[in-house]
Amino acid sequence: MGVNHNISAIVIADAFGILLSFVMLTGNAWKIQKRDWESKLMFTTILTVLFTCAIDPFSFILDGKPGAVVHVITYFMNFWLFFSNMIIGPTWIVIVVKHITGFVSKKQKIFIGLVSAIGLLGLLVNFIWPVVFYIDQNNVYSRGPLFWMYFVLQGVYIIYGTYIYINSILAGGLLKFFPVWQFILPIIVGIIIQAVFYGVSTIWPCLAISMTSIVSSIQNETVFTDQLTGLYSRFYLDTIKQRISKSSKNPNITAMMLDMNGFKSINDRFGHSEGDRALVLTAGVLKRSVGNLGSVIRYAGDEFIILLNTQQKGIVEQCIFDIKAGLEECTKKNNLEYQLSISIGYSVFDMSKQTIDELMN
(Lines give C-alpha, C1' and ligand atoms only; values in the text may rest on other atoms or scores of the structure.)
Protein backbone atom coordinates (compact mmCIF):
# COMPACT_ATOMS: atom_id res chain seq x y z
CA MET A 1 0.00 0.00 0.00
CA GLY A 2 1.20 3.50 -0.79
CA VAL A 3 1.17 6.50 1.45
CA ASN A 4 -2.12 8.40 1.69
CA HIS A 5 -1.45 11.55 -0.28
CA ASN A 6 -3.86 14.38 -0.97
CA ILE A 7 -3.95 13.62 -4.68
CA SER A 8 -6.62 16.20 -5.49
CA ALA A 9 -4.61 19.01 -3.90
CA ILE A 10 -1.43 17.85 -5.64
CA VAL A 11 -3.11 17.66 -9.06
CA ILE A 12 -4.71 21.10 -8.68
CA ALA A 13 -1.45 22.74 -7.54
CA ASP A 14 0.61 21.17 -10.33
CA ALA A 15 -2.07 21.95 -12.91
CA PHE A 16 -1.77 25.60 -11.86
CA GLY A 17 2.01 25.40 -12.37
CA ILE A 18 1.53 23.78 -15.79
CA LEU A 19 -0.92 26.49 -16.83
CA LEU A 20 1.44 29.31 -15.82
CA SER A 21 4.40 27.68 -17.58
CA PHE A 22 2.36 26.94 -20.71
CA VAL A 23 1.14 30.54 -20.95
CA MET A 24 4.73 31.82 -20.58
CA LEU A 25 6.01 29.47 -23.28
CA THR A 26 3.24 29.95 -25.84
CA GLY A 27 3.14 33.69 -25.23
CA ASN A 28 6.88 33.93 -26.00
CA ALA A 29 7.32 35.77 -22.71
CA TRP A 30 10.71 34.06 -22.37
CA LYS A 31 12.13 35.85 -25.42
CA ILE A 32 14.25 38.68 -24.07
CA GLN A 33 15.09 41.38 -26.59
CA LYS A 34 18.70 41.24 -27.81
CA ARG A 35 19.67 38.71 -25.14
CA ASP A 36 19.69 35.29 -26.78
CA TRP A 37 21.56 33.73 -23.86
CA GLU A 38 18.96 34.97 -21.40
CA SER A 39 16.10 33.84 -23.61
CA LYS A 40 17.56 30.32 -23.83
CA LEU A 41 18.01 30.13 -20.06
CA MET A 42 14.47 31.37 -19.48
CA PHE A 43 13.10 28.84 -21.98
CA THR A 44 15.05 26.00 -20.36
CA THR A 45 13.87 26.93 -16.88
CA ILE A 46 10.20 27.34 -17.83
CA LEU A 47 10.20 24.09 -19.83
CA THR A 48 11.80 22.26 -16.88
CA VAL A 49 9.16 23.62 -14.49
CA LEU A 50 6.34 22.65 -16.87
CA PHE A 51 7.69 19.12 -17.37
CA THR A 52 8.28 18.63 -13.63
CA CYS A 53 4.80 19.90 -12.71
CA ALA A 54 3.41 17.33 -15.18
CA ILE A 55 5.45 14.47 -13.68
CA ASP A 56 5.01 15.42 -10.02
CA PRO A 57 1.36 14.29 -9.55
CA PHE A 58 1.98 10.96 -11.31
CA SER A 59 4.83 10.19 -8.92
CA PHE A 60 2.25 10.37 -6.10
CA ILE A 61 -0.54 8.61 -8.02
CA LEU A 62 1.66 5.61 -8.92
CA ASP A 63 3.16 5.36 -5.43
CA GLY A 64 2.39 1.84 -4.16
CA LYS A 65 0.77 0.62 -7.39
CA PRO A 66 1.88 -2.92 -8.39
CA GLY A 67 3.81 -3.96 -11.51
CA ALA A 68 7.35 -4.08 -12.87
CA VAL A 69 6.63 -1.36 -15.44
CA VAL A 70 5.24 0.89 -12.72
CA HIS A 71 8.41 0.27 -10.70
CA VAL A 72 10.63 1.53 -13.55
CA ILE A 73 8.37 4.50 -14.33
CA THR A 74 8.15 5.48 -10.66
CA TYR A 75 11.90 5.30 -10.24
CA PHE A 76 12.68 7.53 -13.22
CA MET A 77 9.96 10.04 -12.33
CA ASN A 78 11.47 10.47 -8.88
CA PHE A 79 14.94 10.57 -10.46
CA TRP A 80 13.79 13.47 -12.61
CA LEU A 81 12.28 15.33 -9.63
CA PHE A 82 15.74 15.35 -8.03
CA PHE A 83 17.66 15.91 -11.28
CA SER A 84 15.53 18.93 -12.22
CA ASN A 85 17.03 20.73 -9.21
CA MET A 86 20.40 20.40 -10.98
CA ILE A 87 18.88 22.32 -13.92
CA ILE A 88 16.92 25.03 -12.10
CA GLY A 89 19.69 25.91 -9.62
CA PRO A 90 22.55 26.55 -12.08
CA THR A 91 20.34 28.41 -14.58
CA TRP A 92 19.08 30.63 -11.76
CA ILE A 93 22.63 31.59 -10.79
CA VAL A 94 23.71 32.20 -14.39
CA ILE A 95 20.64 34.37 -15.07
CA VAL A 96 21.35 36.49 -11.99
CA VAL A 97 25.09 36.82 -12.66
CA LYS A 98 24.85 37.57 -16.38
CA HIS A 99 21.92 39.92 -15.94
CA ILE A 100 23.83 41.96 -13.40
CA THR A 101 27.44 41.77 -14.61
CA GLY A 102 27.10 40.60 -18.22
CA PHE A 103 29.37 37.56 -17.84
CA VAL A 104 30.06 34.53 -15.66
CA SER A 105 33.60 34.38 -14.24
CA LYS A 106 35.79 31.29 -14.25
CA LYS A 107 35.47 30.92 -10.46
CA GLN A 108 31.70 31.10 -10.70
CA LYS A 109 31.65 28.45 -13.43
CA ILE A 110 33.81 26.17 -11.27
CA PHE A 111 31.52 26.71 -8.26
CA ILE A 112 28.37 25.96 -10.28
CA GLY A 113 29.98 22.90 -11.86
CA LEU A 114 31.20 21.55 -8.52
CA VAL A 115 27.82 21.87 -6.77
CA SER A 116 26.01 20.35 -9.76
CA ALA A 117 28.53 17.48 -9.95
CA ILE A 118 27.85 16.60 -6.30
CA GLY A 119 24.12 16.39 -6.98
CA LEU A 120 24.53 14.38 -10.17
CA LEU A 121 26.99 11.98 -8.53
CA GLY A 122 24.49 11.23 -5.76
CA LEU A 123 21.80 10.36 -8.31
CA LEU A 124 24.17 8.12 -10.30
CA VAL A 125 25.23 6.30 -7.14
CA ASN A 126 21.54 5.86 -6.30
CA PHE A 127 21.20 3.44 -9.22
CA ILE A 128 23.46 1.03 -7.28
CA TRP A 129 22.94 2.06 -3.65
CA PRO A 130 19.67 3.83 -2.75
CA VAL A 131 21.24 6.70 -0.83
CA VAL A 132 18.89 9.42 -2.13
CA PHE A 133 15.57 7.58 -2.50
CA TYR A 134 14.31 4.03 -2.71
CA ILE A 135 11.42 2.28 -4.48
CA ASP A 136 10.70 -0.98 -2.63
CA GLN A 137 9.18 -4.23 -3.92
CA ASN A 138 5.71 -2.78 -3.42
CA ASN A 139 6.66 0.29 -5.48
CA VAL A 140 6.44 2.52 -2.42
CA TYR A 141 8.76 5.55 -2.43
CA SER A 142 11.02 6.09 0.57
CA ARG A 143 13.62 8.73 1.33
CA GLY A 144 17.27 7.70 1.50
CA PRO A 145 19.88 8.87 4.03
CA LEU A 146 21.16 11.57 1.61
CA PHE A 147 17.73 12.88 0.72
CA TRP A 148 18.42 16.08 2.68
CA MET A 149 21.46 16.85 0.51
CA TYR A 150 19.27 18.06 -2.36
CA PHE A 151 17.50 20.57 -0.15
CA VAL A 152 20.95 21.80 0.87
CA LEU A 153 22.16 22.01 -2.76
CA GLN A 154 19.04 23.89 -3.82
CA GLY A 155 19.56 26.22 -0.87
CA VAL A 156 23.17 26.78 -1.94
CA TYR A 157 22.03 27.80 -5.42
CA ILE A 158 19.42 30.23 -4.10
CA ILE A 159 21.67 31.69 -1.40
CA TYR A 160 24.58 32.14 -3.80
CA GLY A 161 22.40 33.91 -6.39
CA THR A 162 21.00 36.15 -3.66
CA TYR A 163 24.52 36.84 -2.36
CA ILE A 164 25.59 38.02 -5.81
CA TYR A 165 22.58 40.32 -5.97
CA ILE A 166 23.13 41.83 -2.52
CA ASN A 167 26.87 42.15 -3.10
CA SER A 168 26.15 44.04 -6.31
CA ILE A 169 23.96 46.51 -4.43
CA LEU A 170 26.60 46.99 -1.74
CA ALA A 171 29.24 47.49 -4.43
CA GLY A 172 27.17 50.31 -5.92
CA GLY A 173 25.28 48.56 -8.70
CA LEU A 174 22.31 50.61 -9.89
CA LEU A 175 19.87 47.69 -9.97
CA LYS A 176 16.27 48.53 -10.76
CA PHE A 177 14.25 45.75 -12.27
CA PHE A 178 15.66 42.36 -11.31
CA PRO A 179 13.21 40.84 -8.77
CA VAL A 180 15.39 38.49 -6.72
CA TRP A 181 13.11 38.58 -3.70
CA GLN A 182 10.05 37.95 -5.85
CA PHE A 183 11.77 34.80 -7.08
CA ILE A 184 12.77 33.50 -3.66
CA LEU A 185 9.61 34.30 -1.66
CA PRO A 186 7.17 31.98 -3.52
CA ILE A 187 9.69 29.12 -3.26
CA ILE A 188 10.04 29.61 0.49
CA VAL A 189 6.24 29.72 0.84
CA GLY A 190 5.97 26.50 -1.19
CA ILE A 191 8.54 24.74 1.00
CA ILE A 192 6.76 25.83 4.19
CA ILE A 193 3.32 24.73 2.94
CA GLN A 194 4.67 21.36 1.83
CA ALA A 195 6.39 20.87 5.18
CA VAL A 196 3.34 21.84 7.28
CA PHE A 197 0.67 20.04 5.23
CA TYR A 198 1.99 16.51 4.71
CA GLY A 199 0.91 14.78 1.51
CA VAL A 200 0.69 17.89 -0.70
CA SER A 201 3.17 19.21 -3.26
CA THR A 202 3.57 22.97 -3.70
CA ILE A 203 7.26 23.64 -4.37
CA TRP A 204 7.13 23.30 -8.16
CA PRO A 205 3.89 25.28 -8.66
CA CYS A 206 5.40 28.03 -6.50
CA LEU A 207 8.53 27.90 -8.67
CA ALA A 208 6.24 28.52 -11.68
CA ILE A 209 4.96 31.62 -9.87
CA SER A 210 8.57 32.72 -9.28
CA MET A 211 9.43 32.33 -12.96
CA THR A 212 6.33 34.30 -13.93
CA SER A 213 7.56 37.14 -11.73
CA ILE A 214 11.06 37.03 -13.22
CA VAL A 215 9.82 36.95 -16.82
CA SER A 216 7.29 39.73 -16.21
CA SER A 217 9.83 42.02 -14.57
CA ILE A 218 12.51 41.49 -17.22
CA GLN A 219 9.94 42.08 -19.96
CA ASN A 220 9.07 45.38 -18.26
CA GLU A 221 12.75 46.21 -18.34
CA THR A 222 12.77 46.01 -22.16
CA VAL A 223 10.79 49.27 -22.23
CA PHE A 224 14.01 50.93 -21.08
CA THR A 225 16.29 48.84 -23.32
CA ASP A 226 18.00 49.90 -26.53
CA GLN A 227 16.92 47.53 -29.32
CA LEU A 228 20.29 47.30 -31.04
CA THR A 229 22.78 46.95 -28.20
CA GLY A 230 20.65 45.57 -25.38
CA LEU A 231 21.92 48.36 -23.08
CA TYR A 232 19.62 50.69 -21.22
CA SER A 233 18.14 53.49 -23.36
CA ARG A 234 18.14 57.21 -22.58
CA PHE A 235 14.65 56.85 -21.05
CA TYR A 236 16.29 54.92 -18.21
CA LEU A 237 18.11 58.08 -17.10
CA ASP A 238 14.98 59.75 -15.76
CA THR A 239 13.88 56.55 -14.03
CA ILE A 240 17.18 55.94 -12.26
CA LYS A 241 17.48 59.64 -11.36
CA GLN A 242 14.11 59.59 -9.58
CA ARG A 243 14.98 56.37 -7.79
CA ILE A 244 18.34 57.58 -6.47
CA SER A 245 17.17 61.09 -5.55
CA LYS A 246 14.27 59.66 -3.51
CA SER A 247 15.77 56.58 -1.87
CA SER A 248 19.54 57.05 -1.72
CA LYS A 249 21.23 58.65 1.28
CA ASN A 250 24.12 59.62 -0.98
CA PRO A 251 22.75 60.82 -4.35
CA ASN A 252 26.22 61.67 -5.71
CA ILE A 253 27.39 59.36 -8.49
CA THR A 254 30.11 59.46 -11.11
CA ALA A 255 28.73 60.08 -14.58
CA MET A 256 30.85 59.16 -17.57
CA MET A 257 30.19 60.36 -21.12
CA LEU A 258 31.64 58.24 -23.91
CA ASP A 259 31.85 58.85 -27.65
CA MET A 260 33.13 56.28 -30.16
CA ASN A 261 36.10 57.44 -32.21
CA GLY A 262 35.81 57.21 -36.00
CA PHE A 263 32.26 55.83 -36.02
CA LYS A 264 31.27 57.84 -39.10
CA SER A 265 34.33 56.49 -40.90
CA ILE A 266 33.29 52.91 -40.09
CA ASN A 267 29.85 53.53 -41.56
CA ASP A 268 31.27 55.23 -44.67
CA ARG A 269 33.94 52.60 -45.37
CA PHE A 270 32.20 49.35 -44.36
CA GLY A 271 28.48 50.13 -44.37
CA HIS A 272 25.87 50.70 -41.70
CA SER A 273 25.55 47.00 -40.85
CA GLU A 274 29.22 46.97 -39.82
CA GLY A 275 28.62 50.21 -37.94
CA ASP A 276 25.84 48.47 -36.02
CA ARG A 277 28.20 45.59 -35.30
CA ALA A 278 30.81 48.01 -33.95
CA LEU A 279 28.17 49.51 -31.65
CA VAL A 280 27.14 46.07 -30.37
CA LEU A 281 30.77 45.02 -29.76
CA THR A 282 31.50 48.29 -27.95
CA ALA A 283 28.36 47.91 -25.84
CA GLY A 284 29.48 44.41 -24.81
CA VAL A 285 32.87 45.70 -23.70
CA LEU A 286 31.28 48.53 -21.70
CA LYS A 287 28.87 46.15 -19.95
CA ARG A 288 31.65 43.71 -19.01
CA SER A 289 33.98 46.49 -17.85
CA VAL A 290 31.39 48.14 -15.62
CA GLY A 291 30.02 44.85 -14.26
CA ASN A 292 28.04 45.42 -11.08
CA LEU A 293 29.50 48.86 -10.41
CA GLY A 294 26.76 50.71 -12.27
CA SER A 295 24.65 51.03 -15.41
CA VAL A 296 25.57 51.48 -19.07
CA ILE A 297 23.23 53.54 -21.24
CA ARG A 298 23.21 54.13 -24.98
CA TYR A 299 22.27 57.79 -25.12
CA ALA A 300 22.18 58.43 -28.88
CA GLY A 301 24.01 57.20 -31.96
CA ASP A 302 27.56 56.37 -30.89
CA GLU A 303 27.24 58.15 -27.52
CA PHE A 304 27.07 56.23 -24.26
CA ILE A 305 26.64 57.17 -20.60
CA ILE A 306 27.92 55.17 -17.65
CA LEU A 307 26.61 55.80 -14.15
CA LEU A 308 28.93 54.55 -11.41
CA ASN A 309 27.71 54.60 -7.83
CA THR A 310 31.10 55.70 -6.54
CA GLN A 311 33.15 58.84 -6.14
CA GLN A 312 36.49 57.08 -5.74
CA LYS A 313 38.84 58.22 -8.48
CA GLY A 314 40.82 54.98 -8.35
CA ILE A 315 37.73 52.87 -9.15
CA VAL A 316 36.71 55.22 -11.96
CA GLU A 317 40.18 55.21 -13.50
CA GLN A 318 40.33 51.41 -13.30
CA CYS A 319 36.99 51.22 -15.09
CA ILE A 320 38.30 53.49 -17.86
CA PHE A 321 41.44 51.36 -18.17
CA ASP A 322 39.33 48.19 -18.43
CA ILE A 323 37.18 49.77 -21.14
CA LYS A 324 40.13 50.81 -23.30
CA ALA A 325 41.91 47.47 -22.81
CA GLY A 326 38.69 45.61 -23.54
CA LEU A 327 38.14 47.50 -26.80
CA GLU A 328 41.68 46.75 -27.92
CA GLU A 329 41.26 43.06 -27.12
CA CYS A 330 37.85 42.99 -28.84
CA THR A 331 39.37 44.48 -32.00
CA LYS A 332 42.02 41.77 -32.16
CA LYS A 333 39.69 38.93 -31.21
CA ASN A 334 37.20 39.78 -33.98
CA ASN A 335 39.91 40.57 -36.60
CA LEU A 336 38.36 43.96 -37.32
CA GLU A 337 39.74 46.11 -40.11
CA TYR A 338 39.38 49.13 -37.88
CA GLN A 339 40.27 49.93 -34.28
CA LEU A 340 37.52 50.18 -31.68
CA SER A 341 38.28 53.11 -29.40
CA ILE A 342 36.35 55.62 -27.37
CA SER A 343 36.72 59.09 -25.85
CA ILE A 344 35.73 59.36 -22.19
CA GLY A 345 34.99 62.22 -19.82
CA TYR A 346 33.54 62.09 -16.33
CA SER A 347 32.54 64.10 -13.27
CA VAL A 348 30.59 63.70 -10.02
CA PHE A 349 26.86 64.32 -10.45
CA ASP A 350 24.26 65.07 -7.73
CA MET A 351 21.12 63.18 -8.72
CA SER A 352 18.98 65.05 -6.17
CA LYS A 353 19.83 68.59 -7.35
CA GLN A 354 21.00 68.50 -10.96
CA THR A 355 18.90 67.75 -14.03
CA ILE A 356 19.70 65.33 -16.84
CA ASP A 357 20.36 68.29 -19.16
CA GLU A 358 22.96 69.58 -16.68
CA LEU A 359 24.52 66.14 -16.63
CA MET A 360 24.78 66.07 -20.41
CA ASN A 361 26.21 69.61 -20.56
Side-chain angles (χ1 to χ4, degrees), residues 14 17-18 20-21 24-25 30 37-60 72-99 104-135 141-165 180 183-184 186-188 190-191 194-195 201-211 214-215:
D14 282 315
I18 291 172
L20 280 178
S21 302
M24 283 189 286
L25 285 177
W30 52 274
W37 61 266
E38 197 163 16
S39 296
K40 291 176 182 177
L41 290 175
M42 289 291 185
F43 177 81
T44 300
T45 304
I46 296 170
L47 191 63
T48 300
V49 172
L50 189 154
F51 189 53
T52 306
C53 284
I55 286 179
D56 190 43
F58 288 102
S59 68
F60 288 95
V72 174
I73 293 174
T74 302
Y75 184 92
F76 279 100
M77 283 194 300
N78 282 282
F79 178 92
W80 171 262
L81 292 175
F82 283 96
F83 178 74
S84 55
N85 289 308
M86 302 300 103
I87 299 176
I88 297 295
T91 54
W92 156 246
I93 292 178
V94 173
I95 287 173
V96 173
V97 173
K98 293 200 68 173
H99 192 86
V104 181
S105 69
K106 185 177 180 180
K107 289 183 179 179
Q108 289 167 338
K109 290 178 181 178
I110 292 174
F111 174 81
I112 295 171
L114 181 61
V115 176
S116 301
I118 293 172
L120 182 58
L121 179 61
L123 291 175
L124 293 177
V125 170
N126 199 73
F127 281 107
I128 304 173
W129 298 289
V131 293
V132 181
F133 68 91
Y134 178 67
I135 309 297
Y141 167 87
S142 300
R143 296 175 177 179
L146 295 183
F147 168 83
W148 56 268
M149 183 177 71
Y150 290 84
F151 282 99
V152 173
L153 293 179
Q154 192 64 19
V156 168
Y157 288 129
I158 294 175
I159 291 171
Y160 185 65
T162 306
Y163 162 77
I164 293 170
Y165 175 80
V180 168
F183 177 85
I184 296 173
I187 298 176
I188 294 175
I191 292 174
Q194 190 162 324
S201 179
T202 54
I203 294 177
W204 287 100
C206 284
L207 186 55
I209 295 175
S210 295
M211 286 308 303
I214 289 286
V215 169

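Atom set for the values below is all heavy atoms of this structure, side chains included, hydrogens, waters and symmetry mates excluded.
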Nearest heavy atoms of A208 and S21, plus distance in Å: CB-OG, 4.0 Å
Chi angles and distances behind the side chain to side chain contact (heavy atoms under 4.5 Å, CB included) call for I88, Q154: CA-CA 9 Å; I88 297 295; Q154 192 64 19; 4.1 Å; yes
Reported CE-to-CD1 distance for the pair M211 and I187, which is rounded to 0.5 angstrom: 9.5 Å
Minimum side-chain heavy-atom gap P205-D14 below 4.5 Å: yes
Neighbour count >12 (heavy atoms, 6.0 Å) for atom CZ, F83: no
Side chain to side chain contact (heavy atoms under 4.5 Å, CB included) against V152, all qualifying residues, sequence neighbours excluded: W148, V156
Gap between atom OG1 of T162 and atom CD1 of I184 - 0.5 Å precision: 3.0 Å
Could you list the donor-acceptor pairs under 3.5 angstrom formed between side-chain atoms of residues 110-128 and any protein atom two or more places apart in sequence or on another chain?
unit_1: S116; atom_1: OG; unit_2: I112; atom_2: O; d: 2.9
unit_1: S116; atom_1: OG; unit_2: Y157; atom_2: OH; d: 2.8
unit_1: N126; atom_1: OD1; unit_2: V131; atom_2: N; d: 3.0
unit_1: N126; atom_1: OD1; unit_2: V132; atom_2: N; d: 2.7
unit_1: N126; atom_1: OD1; unit_2: F133; atom_2: N; d: 3.2
unit_1: N126; atom_1: ND2; unit_2: Y75; atom_2: OH; d: 3.1
unit_1: N126; atom_1: ND2; unit_2: F133; atom_2: O; d: 3.2

Rounded distance (nearest 0.5 Å) linking atom NZ of K40 with atom CD1 of I95: 13.5 Å
side-chain hydrogen bond (donor to acceptor under 3.5 Å, both in side chains) contacts in which one or both residues fall within residues 78-90, not counting sequence neighbours: T52-W80
Inter-residue atom distance I46.CD1 - L41.CG, 0.5 Å rounding: 11.0 Å
L153 side chain reached by M86 side chain, heavy atoms, under 4.5 Å: yes
Closest heavy-atom pair and its distance - I93, G161: CG1-N, 4.4 Å
Under 3.5 Å side-chain donor-acceptor pair for T44 and T91: no
Smallest separation among heavy atoms of P130 and P145, with atom names: O-CD, 3.9 Å
Distance (rounded to the nearest 0.5 Å) between F60 CZ and I55 CD1: 13.0 Å
Straight-line distance of F51 CZ to L81 CG, nearest 0.5 Å: 9.5 Å
